[in-house]
Amino acid sequence: LGLQSSQAGAVKIQRFLDVAGTVPQGAVISVSLTGGTAAVINAGTDGLPCASIQITVTNTGGSTATLTNVAGLFQAA
């Protein structure tokens with residue numbers, strides 16, 4: 001996942017074994033965001049299977065954040 005936020009914050013990614021998102025797979029992957037700086041998060045490099053993911057972006061900057069350059073690459077092994 002790649003993205004850029006106009007404000008500081010964090011991105012959290014949780015993988016799940018089921019499509020409904022009720023059985024977590026592994027620990028939450030968390031990366032801090034610096035306002036105005038692109039971030040790249042590599043999730044799933046451990047080879048464990050997953051059927052769905054939840055991506056949460058939080059803003060700690062104190063004003064409305066704008067997300068830009070958001071892109072995801074998903075590969076089946």
Self-check item: Co-members of I29 in a cluster of I, L, V, M, F, W and Y side chains, linked at under 4.5 Å
Solution: L1, L3, V11, I13, V31, L33, I41, I53, I55, V57, L67, V70, F74
Quiz item: Just how far is it from atom CD of Q4 to atom OG1 of T34, taken to the nearest 0.5 Å?
Solution: 10.5 Å
Self-check item: Pairs touching residues 4-13 that satisfy salt bridge (charged side-chain N to carboxylate O under 4.0 Å, His left out), sequence neighbours left out
Solution: none
Exercise. Output all residues satisfying side chain to side chain donor-acceptor pair (under 3.5 Å) with S32, sequence neighbours left out; order by chain, then residue number.
Key: none
Self-check item: salt bridge (charged side-chain N to carboxylate O under 4.0 Å, His left out) contacts in which one or both residues fall within residues 36-47, not counting sequence neighbours
Solution: R15-D46
Show me, pair by pair, the donor-acceptor contacts under 3.5 angstrom made by side chains of residues 18-25, not counting sequence neighbours?
residue	atom	partner	partner atom	Å
D18	OD1	T22	N	3.0
D18	OD1	V23	N	2.9
D18	OD2	T22	N	3.2
D18	OD2	T22	OG1	2.5
Q25	NE2	P49	O	3.0

Exercise. Sorted by first residue and then second, give each salt bridge (charged side-chain N to carboxylate O under 4.0 Å, His left out) pair with at least one member in residues 49-59; sequence neighbours left out.
Key: none
Practice problem: Verify side-chain hydrogen bond (donor to acceptor under 3.5 Å, both in side chains) between S63 and Q7, making sure each step is shown before the conclusion. | Solution: CA-CA 8 Å; S63 62; Q7 299 288 321; 3.2 Å; yes
Practice problem: Mark yes or no for whether Q14, through its side chain, and G26, through its backbone, hold a donor-acceptor pair below 3.5 Å. | Solution: yes
